[in-house]
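First comes the structure, then the notes that go with it.
Quick note on labels: first sequence line is chain A, next is B, and so on, each numbered from 1.
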Amino acid sequence: MSIYDTLNDMQQQAVFRTEGPLLILAGAGSGKTRVLTHRIAYLIEEKGINPWNIMAITFTNKAAGEMKERVNNIVGFGSDQIWVSTFHSTCVRILRRYIDRLGYSNNFTIYDTDDQKSVMKDVCKRLNIDTKIYKERNILSQISKAKDEFISPEQFAMINQNDFSKKRIIEAYKSYQEQLKNNNALDFDDLIVKTVELFQNNPDILESYQDRFKYIMVDEYQDTNTVQFKFISLLAKKHRNLCVVGDDDQSIYKFRGANIKNILNFEEVFSDTFVIKLEQNYRSTQNILNAANEVIKHNTERKDKKLWTDHKEGDKIFFRYLDTAQEEAAMAATEIKKYVEKEGHTYRDCACLYRTNAQSRLLEEVFMKNNIPYKIVGGINFYQRKEIKDVLAYLKTVDNGMDDLAVKRIINIPKRGIGAATIDKIQTYADYNGYSFYDSIRQEECLNAIGRSESKVRKFAGFIQMLRTKRNLISVSELIEEIIEDTGYVSELRAENTDEAEERILNIEELISKAVDYQEKAEEPTLSGFLEEVALVADIDSLDADSDYVVLMTIHSAKGLEFPNVFLCGMEDGLFPSYMTITADDPLEIEEERRLCYVAITRAMEQLHISCAKQRMIRGETQYNKMSRFLKEIPLELLDTGKQIEKMEKSKIVKPTQTSAAKPIFKSKAFETKQFKVNKEANLEYTNGDRVKHIKFGEGTVVDITEGGRDYEVTVNFDKAGVKKMFASFAKLKKV
DNA sequence: CCATCCACGTTTTTT
DNA sequence: ACGTGGATGG
């Protein structure tokens with residue numbers, strides 16, 4: 001009896017066929033992750049392949065982490081030698097080593113969407129592009145599309161030379177790339193594009209990686225775009241042991257350039273491809289699977305396959321059509337409470353899925369009122385929050401003086417009296433002399449031209465230089481401490497004395513913990529390393545399985561996950577499928593939405609709740625929507641529509657009123673489980689004289705506790721760090 | 001140089 | 001409904 005005996009025939013075939021190109025069409029819940037992990041184990045243990053020679057690409061860092069862990073559990077040793085990560089992380093790793101061959105410096109920064117927008121804004125200003133006609137977002141999305149297809153600015157210009165409407169876009173693309181290069185920065189798309197360029201221009205580097213990665217596996221293959229495909233085909237070209245796993249029915253990232261043709265045409269590119277279909281579903285009940293099959297059946301563009309299961313029929317799909325979105329949210333809360341309290345399940349068994357991030361608001365509100373622990377994934381990413389970006393901009397400035405964007409962001413934060421006029425002067429000097437922004441303010445010539453704020457700029461430059469001299473002597477977390485202390489960033493927030501400011505302080509504390517965490521985990525912690533890790537995390541990566549909360553997220557975020565009990569909310573025409581796709585000329589857009597619906601349904605293992613509302617506020621406007629056309633594709637006999645029974649139950653659930661729903665409660669924070677948020681702890685577990693432990697400062701003795709407003713202020717004399725004053729609610733002190 | 005106010009558009013999804 | 005960005009006045 002070997003570990004492979006637990007796999008079905010098809011799965012075994014997929015595991016044992018290690019040589020040559022292999023396309024695994026794996027339906028939802030057909031155990032593809034299991035196949036991949038076992039395949040890696042098989043390569044190592046049975047075929048004697050060196051773990052060093054294996055690469056696996058996943059869609060999220062979380063998936064990568066899980067795969068590593070699972071492989072680690074079946075393989076005795078060496079699993080840390082395997083490269084398991086996302087396309088983006090993989091490429092960063094390669095570029096950190098070799099990007100100097102493309103004329104960038106190896107400590108390049110990675111720009112997120114906001115950064116891209118700032119650069120584009122600047123580009124438009126320089127080129128006199130009227131952003132009323134050409135929106136930054138729009139230009140960027142055209143550029144991104146080009147990059148997804150591996151089209152350089154030059155090629156883009158050539159292709160569109162006769163298209164007058166593209167003239168400005170062509171200029172913008174060119175200038176945007178130049179700007180990024182000047183800043184020694186890459187955007188998300190560049191990470192892949194530049195790696196492919198690197199391979200194409202440097203056969204020696206390509207060959208060294210080809211020889212290293214003799215076995216390559218790609219998960220969620222249906223969501224790869226053209227450059228990504230180019231990247232893996234280059235890598236796999238020599239040894240041709242490329243295994244891709246995907247499901248055309250779950251392709252939901254076309255808007256991001258994912259090329260469904262990659263899956264439909266894989267066999268053409270790799271002519272001797274062996275195809276395996278995994279059609280047995282191990283996840284869902286018969287009813288849920290039937291519903292999913294019925295819905296997806298309506299798509300025309302798909303490879304034929306039929307998912308089946310030997311699971312029992314299971315409960316019918318719970319369906320309710322509520323009057324208002326508030327009632328819908330309350331219904332979900334009621335059902336979740338019942339499920340957990342009466343039926344003995346846990347909160348983490350439940351997930352609420354929706355089409356748009358905005359829908360999380362109502363759910364959040366009801367859950368908060370009813371003390372249901374929950375966690376919102378997505379929306380505003382932790383690393384996109386203002387205070388976090390500010391601190392990171394400091395770190396980036398210290399790390400890479402060429403990142404003009406970062407420098408400009410923080411040169412006047414907190415207020416130093418360096419305004420737009422001064423910044424313009426410096427920028428002019430920088431442009432004229434070909435210096436970076438930061439280098440300019442270190443030039444006497446430039447400083448002398450500034451005028452009134454000269455001394456302030458000098459002081460700022462001095463401050464950064466001081467941090468630079470320290471960067472190799474102290475850890476990242478200490479560096480952050482230093483920055484927020486010297487700039488007075490946190491004390492300024494504290495002085496504001498508002499809930500929001502307190503929240504921001506908490507976020508900064510959180511960032512410090514992440515830095516500490518990074519220092520402990522990384523083999524060789526560096527500032528660049530930390531910034532990189534931070535740039536590539538998705539919200540979903542922070543989900544942890546140990547805590548007990550309901551997860552709220554978009555269907556997109558839910559890809560690859562499964563839950564015993566799924567609540568699919570807002571199934572209304574105009575919302576899901578979205579208004580955009582209903583009115584689009586291209587009928588294939590509806591098909592993508594339908595695939596999304598298919599993904600949503602197939603996340604459910606045991607129970608599926610679907611709901612919609614007649615009335616809903618969208619963008620401050622009350623809308624009246626019909627029930628989703630996708631719902632009508634589910635046969636009625638699979639549904640439990642409740643009829644009148646439900647009305648008899650007097651619900652004890654507090655639901656938000658129309659007015660309270662309009663009021664924002666808290667800014668949504670992706671990283672916290674709100675139910676347990678305590679502003680002021682009734683009883684601290686320590687008192688004067690007690691020994692306590694702090695995450696960063698280590699152990700110390702409590703010297704003083706004073707009651708201050710919403711919180712206790714605790715003074716601790718730390719053995720190593722000295723005396724510190726801090727608020728009890730976020731100091732996370734533990735009595736020892 | 002900075003704070004405040006108003007107008008606008010934004011939202012479909014994200015590494 | 002919300003945040004952003006531009007204009008205005010101190």
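A:Phe59 comes within 4.0 angstrom of the backbone, heavy atoms only, and of no base. If you check every strand for non-hydrogen atoms under 4.0 Å, A:Glu592 touches nothing. Within 4.0 Å (heavy atoms only), A:Thr422 reaches sugar-phosphate atoms of the nucleic acid but no base atom. Residue contacts shown for A:Arg137 are limited to sugar-phosphate atoms, with no base heavy atom under 4.0 Å away. A:Tyr253 comes within contact range of the sugar-phosphate backbone alone, with a heavy-atom separation under 4.0 Å but no base atom that close.
Considering only side-chain atoms of A:Lys121, the nucleotide from B:dT12, C:dG5, B:dT14 that sits closest is C:dG5. You'll find that the side chain of A:Phe188 is closest to B:dT15, out of B:dT14, C:dC2, B:dT15. Closest to the side chain of A:Asn357, out of B:dT13, B:dT10, C:dC2, is B:dT13. Listed candidates were C:dC2, B:dT13, B:dC2. Nearest to the side chain of A:Thr554 is B:dT13.
In this structure, the CG atom of A:Leu140 is 13 Å from the P atom of B:dT11, given to the nearest Å. At whole-Å resolution of the value, NZ in A:Lys559 and C1' in B:dT12 are 16 Å apart. Rounding to whole angstrom units, NZ of residue A:Lys135 and P of C:dT4 are separated by 18 Å. If you measure from atom CD of A:Glu220 to atom P of B:dT13, you get 20 Å, rounded to the nearest angstrom. The OH-C1' distance, from A:Tyr598 to B:dT13, rounds to 19 Å in whole Å. Between A:Asp114 atom CG and C:dG3 atom C1' the separation is 12 Å, expressed in whole Å. Rounded to an integer number of Å, the gap from A:Arg355 CZ to B:dT13 P is 7 Å. Protein atom OH of A:Tyr579 is 15 Å distant from nucleotide atom C1' of B:dT10, rounded to whole Å.
Note on A:Ser578: every side-chain N or O is 4.0 Å or more away from OP1 and OP2 of B:dT13. For the pair A:Thr60 and B:dT15, the criterion of a side-chain N or O lying under 4.0 Å from OP1 or OP2 is not met. Here A:Asn412 does not reach the OP1 or OP2 of B:dC1: none of its side-chain N or O atoms lies under 4.0 Å away. Between A:Arg361 and C:dC2 there is a side-chain polar atom (N or O) within less than 4.0 angstrom of OP1 or OP2.
Comparing A:Met580 and A:Gln228 by the nucleotide of DNA chain B whose heavy atom lies nearest to each, the residue mapping closer to the 5' end is A:Met580. If you find the closest nucleotide of DNA chain B to A:Gln116 and to A:Thr356, the one lying nearer the 5' end belongs to A:Thr356.
Annotation: cation-pi pair A:Lys181/A:Tyr104 present, NZ/CZ under 6.0 Å from the ring centroid and within 45° of its normal.
To the nearest 0.5 angstrom, A:Leu608 atom CG is 13.0 Å from A:Phe563 atom CZ.
Side chains of A:Glu328 and A:Gln326: a donor-acceptor N/O pair is absent below 3.5 angstrom, by distance only.
Between A:Lys147 and A:Asp187 there is a salt bridge, since at least one side-chain N of the basic residue sits less than 4.0 Å from a carboxylate O of the acidic one.
Heavy atoms only, all atoms of each residue included: A:Val551 and A:Val377 are closest at CG1-CG2, 3.7 Å.
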**OP:** Show your reasoning for whether side chain to side chain donor-acceptor pair (under 3.5 Å) applies to A:Asp189 and A:Ser144.
**Re:** CA-CA 7 Å; A:Asp189 302 321; A:Ser144 178; 2.9 Å; yes

